[in-house]
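The next block holds one structure in the form of structure tokens; read it before the comments.
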Protein chains: 4
Amino acid sequence: MNSNSSIRSKILPLRVRLREETNKAILQAAEQVFGSQGLGGARMEDIAARAGVAVGTLYNHFHDRDALLSELIVSRRHELARRLDEELRRGESADFARQLEGFVAALLSHFEEHRPFLSILLESEHSRTAPVGARGARPNAALVEVYKRVQQLLERGIAARALRHDDADLHSVFLMGLLRSVLARELYAPTQVPIAERAPQIAAFFLRGAERR
Amino acid sequence: MNSNSSIRSKILPLRVRLREETNKAILQAAEQVFGSQGLGGARMEDIAARAGVAVGTLYNHFHDRDALLSELIVSRRHELARRLDEELRRGESADFARQLEGFVAALLSHFEEHRPFLSILLESEHSRTAPVGARGARPNAALVEVYKRVQQLLERGIAARALRHDDADLHSVFLMGLLRSVLARELYAPTQVPIAERAPQIAAFFLRGAERR
Amino acid sequence: MNSNSSIRSKILPLRVRLREETNKAILQAAEQVFGSQGLGGARMEDIAARAGVAVGTLYNHFHDRDALLSELIVSRRHELARRLDEELRRGESADFARQLEGFVAALLSHFEEHRPFLSILLESEHSRTAPVGARGARPNAALVEVYKRVQQLLERGIAARALRHDDADLHSVFLMGLLRSVLARELYAPTQVPIAERAPQIAAFFLRGAERR
Amino acid sequence: MNSNSSIRSKILPLRVRLREETNKAILQAAEQVFGSQGLGGARMEDIAARAGVAVGTLYNHFHDRDALLSELIVSRRHELARRLDEELRRGESADFARQLEGFVAALLSHFEEHRPFLSILLESEHSRTAPVGARGARPNAALVEVYKRVQQLLERGIAARALRHDDADLHSVFLMGLLRSVLARELYAPTQVPIAERAPQIAAFFLRGAERR
DNA sequence: GATGAATGAGGCTTCATTCAT
DNA sequence: AATGAATGAAGCCTCATTCAT
């Protein structure tokens, strides 16, 4: 290894690391601004200011406003999916009631810790913002990810004969509705109790509603 | 009452009636445009065009864009509230299960017939569009009206010992969640079945989840 | 004719006339600004200022900057084409040398009276500004119009046996080159003599160069 | 001269040579990008990319965008001037018709081999890009160089009594116009024949147009 | 000297609102 | 009261230039 290559092996990663830092800072700023000002109200200038960079820098990292929002959601969606998958794996051998409660608790906790993201998701579900040619990731694709995992969970419940097998489709809609409803209330009329404590009640309610007998 | 006043009582109402007509036409146009373009995407010019009037006319009837949206929601909210109240009255003497199902069916039917309004409501629930000092009617106040009636209904259920009295608060959140979730699915991924047919399933699910024993 | 229709027949044309006025004012302002600042350097704000309107007004009349430039050129091109056609018609029965000189003189005079337009034309001939999907009128389409008439004229010359019939294509290129060159010099290094006085010299030069014998 | 200085005379030139290499690479890249994207559309980043260097490097070699363009034109202008001067020298003793044809052919060949430069020249003739205080070399100064040699050539023609002596000024304008027109056509509507083959036609046309008798 | 990320002035465009007719 | 053209504040985005490494 000559000095040239050793310089490169240090210098390039440095630049790359700094670039990553900025990227993260921008995403974080965007999360907060989109979360508080809304999908339509967030201004690029505000995001830049909060990230501590110039507007132009935003465009060095993201193609345009839409791309920034998309990539923000994609990135946060990954974290969420990872957490839910982990929870699903962890519960694999437990009885269904426990799995359900664990899943619900994980979901609630995650959003409790990521309120701005929750806010963005809830708004993006209905916004007609995204242009037609949105590349790949429609903003609310994140909810689809949750949906998939809810379905996966409920299939386990059916297999374990803990849930009725008819109305299976509707039941995932129901569970999503319960979760969403509780989360939305938390967002707009925060209670003092940690939201994850609602998990047993939600799980129990759902279970009684959907159970086999 | 002299003849003069009797003339007035005929002539003025004519103007008033014409004004009312325009008002209605604008509200209807606004409903469709806000519904299809979204709360942020609806343009005053589009609304005017669809109503068949000039932009200026919108401002002769409504103070500004926000007022138009507010009054639109207020007006549609009244219809909805009336319908739900009627349903509540009609069911007064029936057993709770029947009342619940009737209420759910009424709600679903109403929105099935007023999809643009549904769309507006779902979006307005999370939009940060409205300025801080919105006079009186925050856009999503309409959901509050539904909420009140749901609570009223559930109180009857508790009184009739058909529902547990603990978790009463949470249960209205739950029922709202179920309804919202089913309606949202209908809006974004319409099924072929009339949505009101879901009422029995929703009611039954809720009842099992919340029933006393 | 009732009062309503008579009002309309006066009021509508009024608005229309006013609109036309503004349109013309904008086109004139655009001609001067594009002419003096160049195709790339002309700013919408400057055009608005010179037209005595707000920026927004530009967009009430033209879709965007490109459309404004296009329509400006189209409009000026019509005037030019009209003038040349008239000259061609007028000369129909004259001998070719006279026709040629008349045509050249008309062209030079026209541009002498419309220097900003000349400037725009000369620049637009080489600018790579126009986006791919330019609707119909590429900026330099105006030169094509001149070209067509030059060809028409030269065909007459050939028919009248005043010009050689070989090299006909090249000869229109040559005549355009002579004209363009003289006009460009006039634009960038104005002489004191009225430019149309050059017509005899140009026509004679061309005639000797292209004549049959 | 001691050994030290002899080392310097070898080592320094190395650095100088490397610097020269980069300089050339940048100019070549600039030529292609300015040529294809236009004077206004060429982006520093594109030039850097094509040259295989970083943007910053452009600024290590040229003061700013204008300077880069200027120096590009200056450098290409030298090549052109050299070629024309050589041609003028070579023809010195030939009869004027031959000199004229040789000159025209040389000019056409040169531009046939340097189309991007031709494109830049044609555009720069009319662009109002250059700031007022451009240091020394206005972009289109290159055409002035051609102009001077054309005048020189025509003076020989007059001296040799091959050209009329009146209208001498106008004749150089004419010859430039013919050349420019043919070159522009070649650029925007390329024919299949080598452009230099047009030389006899152009020369003959001009000669008939401008000859003494 | 090379690098390339950061900068921010500056241009284009949109659209809610106003106002003269 | 209706009309619709005019207004201009505000937002997005580009790109020449700078500068720390």
Side-chain angles (χ1 to χ4, degrees), chain A residues 7-8 10-12 14-16 18-19 21-23 26 40-48 51-66 68, chain B residues 15 18-19 22 40-49 52-66 68, chain C residues 7-8 10-12 14-16 18-19 21-23 26 40-48 51-66 68, chain D residues 15 18-19 22 40-49 52-66 68:
Chain A
I7 284 173
R8 295 223 153 189
K10 282 174 185 168
I11 284 185
L12 271 183
L14 173 61
R15 278 246 170 100
V16 170
L18 288 178
R19 191 176 169 83
E21 292 300 301
T22 307
N23 217 294
I26 292 174
R43 292 163 54 238
M44 294 301 272
E45 201 184 324
D46 292 341
I47 296 173
V53 301
V55 228
T57 302
L58 302 184
Y59 292 89
N60 286 338
H61 288 256
F62 303 92
H63 177 74
D64 60 10
R65 192 178 182 279
D66 276 354
L68 172 52
Chain B
R15 281 203 186 140
L18 287 177
R19 189 172 172 82
T22 308
R43 293 162 58 240
M44 294 299 272
E45 199 183 323
D46 292 341
I47 295 172
V53 301
V55 249
T57 303
L58 300 185
Y59 289 87
N60 287 335
H61 287 254
F62 302 91
H63 179 264
D64 61 11
R65 191 180 183 277
D66 277 349
L68 172 52
Chain C
I7 284 174
R8 295 223 154 189
K10 283 174 183 167
I11 283 186
L12 271 184
L14 174 62
R15 278 245 170 102
V16 170
L18 287 177
R19 192 177 167 82
E21 292 299 303
T22 307
N23 218 292
I26 291 174
R43 291 163 54 240
M44 294 301 272
E45 201 184 325
D46 291 342
I47 295 173
V53 301
V55 231
T57 302
L58 302 185
Y59 291 89
N60 287 339
H61 289 257
F62 303 91
H63 179 265
D64 60 9
R65 192 179 181 279
D66 274 356
L68 173 52
Chain D
R15 280 204 187 138
L18 288 178
R19 190 172 172 81
T22 308
R43 294 160 58 239
M44 293 300 270
E45 200 183 324
D46 293 342
I47 295 172
V53 301
V55 248
T57 303
L58 300 186
Y59 289 87
N60 285 336
H61 287 254
F62 301 92
H63 179 262
D64 61 11
R65 191 180 184 277
D66 277 350
L68 172 52

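To find a chain, count down the sequence lines: A is the first, B the second, and so on, and within it residues start at 1.
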Provide, to the nearest angstrom, the distance between the [atom1] atom belonging to [X] and the [atom2] atom belonging to [N].
X	N	atom1	atom2	answer
D/L18	E/dA2	CG	P	9 Å
A/L14	E/dG4	CG	C1'	12 Å
B/F62	E/dT17	CZ	P	14 Å
C/L58	E/dC15	CG	P	17 Å
B/L68	E/dC15	CG	C1'	15 Å
D/I47	E/dG4	CD1	P	17 Å

*Closest-nucleotide ordering on DNA chain F, the 5'-leading residue of D/G41 and C/V53*: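 Its nearest nucleotide being more 5', the pick is C/V53.
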
*Do D/V53 and D/H61 have side-chain heavy atoms sitting under 4.5 Å apart?*
no

*Any side-chain N or O of B/T57 less than 4.0 Å from the OP1 or OP2 oxygen of F/dT3?*
yes

*Does a nitrogen or oxygen in the side chain of B/T22 sit under 4.0 Å from OP1 or OP2 of F/dA1?*
no

*Relative to the 5' end of DNA chain E, which residue comes earlier, D/R19 or A/H61, by the nucleotide with the nearest heavy atom?*
D/R19

_For C/D64 against C/Y59, the heavy-atom pair lying closest together_ = CA-CE2, 3.9 Å

*Nearest atoms (heavy-atom pairs only) where C/M44 meets C/L68*: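 For C/M44 versus C/L68, the nearest heavy atoms are CE-CD2, 4.3 Å.
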
*How would you list, by chain and number, every residue that makes a side-chain contact (heavy atoms from CB on, under 4.5 Å) with B/R43, sequence neighbours excluded?*
B/E45, B/D46

*Euclidean distance, C/I26 CD1 relative to C/I47 CD1, rounded to 0.5 Å*: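 So the CD1 of C/I47 and the CD1 of C/I26 are separated by 9.5 Å.
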
*To the nearest 0.5 Å, tell me how far A/N23 CG sits from A/L58 CG.*
10.5 Å

*Out of E/dT3, E/dT7, F/dG8, which nucleotide sits closest to the side chain of C/A54?*
F/dG8

*Determine whether any donor atom in the side chain of A/N60 lies under 3.5 Å from an acceptor atom in the base of E/dA5, or the reverse, and answer yes or no.*
no

Would you list the protein and nucleotides 9-13 of chain F atom pairs, both N or O, that sit under 3.5 Å from each other?
from	atom 1	to	atom 2	distance (Å)
F/dG11	OP1	A/R43	NE	3.2
F/dG11	OP2	A/R43	NE	3.1
F/dG11	OP2	A/R43	NH2	3.4
F/dG11	O5'	A/R43	NE	3.3
F/dC12	OP1	A/R65	NE	3.0
F/dC12	OP2	A/M44	N	3.1
F/dC13	OP2	A/Y59	OH	2.7
F/dC13	OP2	A/R65	N	3.1

*Reading DNA chain E 5' to 3', how would its secondary structure be written in dot-bracket notation, given Watson-Crick and G-U pairs with both distances under 3.5 Å, brackets [ ] for crossing pairs and | for partners on other strands?*
.||||||||||||||||||||

